[in-house]
Amino acid sequence: MRVYLDTNQDESYCPRNLVVQCGDHATMLFDYASVKLNDPQGWIEMDLRNGDKPLECFTIRLLIMSNNQNGKDSRIRAIRMFGLSMETD
């Protein structure tokens with residue numbers, strides 16, 4: 001998963017701490033990955049693999065825990081999700 005952030009343009013709206021939760025149902029999620037950012041600029045990659053295997057889950061939630069300069073609103077300019085294509089017989 002990648003998120004596009006730009007501190008120069010968004011200043012206090014730019015996230016500083018992100019947490020990715022995943023699970024089989026929206027009410028049964030667990031923290032899977034977290035990242036602390038310092039003046040992010042561009043695409044930030046968050047590896048969601050389980051060792052050598054891709055993560056298998058039904059629901060993914062991206063939480064913004066805090067912003068730069070203690071801002072109250074957030075701005076993520078883009079999100080990209082990558083997954084394996086499923087082969088059919």
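Along the sequence shown, the residues carry numbers beginning at 1.
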Verdict with reasoning, Gln21 to Ile60, per side-chain contact (heavy atoms from CB on, under 4.5 Å): CA-CA 6 Å; Gln21 293 181 331; Ile60 296 177; over 6 Å; no

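- Among residue pairs with one or both ends in residues 38-75, those qualifying as ring-ring contact (aromatic ring centres under 6.0 Å, His included) are Tyr4-Trp43; sequence neighbours excluded.
- The distance from atom CE of Met1 to atom CG of Leu62, rounded to the nearest 0.5 Å, is 4.5 Å.
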Start with the C-alpha distance between Glu56 and Asn50, add both sets of side-chain angles, then the distance that settles side-chain contact (heavy atoms from CB on, under 4.5 Å), and finish with yes or no. CA-CA 8 Å; Glu56 293 183 27; Asn50 187 6; over 6 Å; no

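- Residue pairs that meet the salt bridge (charged side-chain N to carboxylate O under 4.0 Å, His left out) test with at least one member in residues 13-41, sequence neighbours left out, do not exist here.
- For the pair Thr7 (side chain) and Pro40 (backbone), a donor-acceptor distance under 3.5 Å is present.
- Within 6.0 Å of OH in Tyr13 there are 12 or fewer heavy atoms belonging to other residues, nucleotides or ligands.
- Connection of Val20 to Leu29 is not established within any shared hydrophobic cluster, with ILVMFWY side chains joined at heavy-atom distances below 4.5 Å, either directly or through further cluster members.
- When all heavy atoms are compared, the tightest approach of Leu37 to Pro15 is CD1-O, 3.9 Å.
- Looking at residues two or more places apart in sequence or on another chain, you find a salt bridge (Lys or Arg N to Asp or Glu O under 4.0 Å) between Arg77 and Asp10.
- Leu48 and Leu18 fall within the same hydrophobic cluster, where Ile, Leu, Val, Met, Phe, Trp and Tyr residues are linked whenever their side-chain heavy atoms come under 4.5 Å apart, directly or through other members.
- Within the model, atoms NZ of Lys72 and CG of Asn67 stand 10.0 Å from one another, a figure rounded to the nearest 0.5 Å.
- The OG atom of Ser74 sits 9.5 Å away from the CG atom of Leu5 when rounded to the nearest 0.5 Å.
- In the hydrophobic clustering of ILVMFWY residues, with side-chain heavy atoms under 4.5 Å counting as a link, Ile76 and Phe82 come out apart.
- Taking CZ from Arg2 and CD1 from Ile79, the interatomic distance works out to 13.5 Å, rounded to the nearest 0.5 Å.
- The two residues Gly23 and Cys57 come nearest to each other via the heavy atoms O-CB, 3.6 Å.
- The nearest pair of heavy atoms linking Gln69 to Ser12 is OE1-CB, 3.4 Å.
- When hydrophobic clusters are built by joining Ile, Leu, Val, Met, Phe, Trp and Tyr residues whose side-chain heavy atoms come closer than 4.5 Å, directly or via intermediates, Met81 is grouped together with Val35.
- Residues Cys22 and Leu55 share a closest heavy-atom pair of SG-CD2, 3.8 Å.
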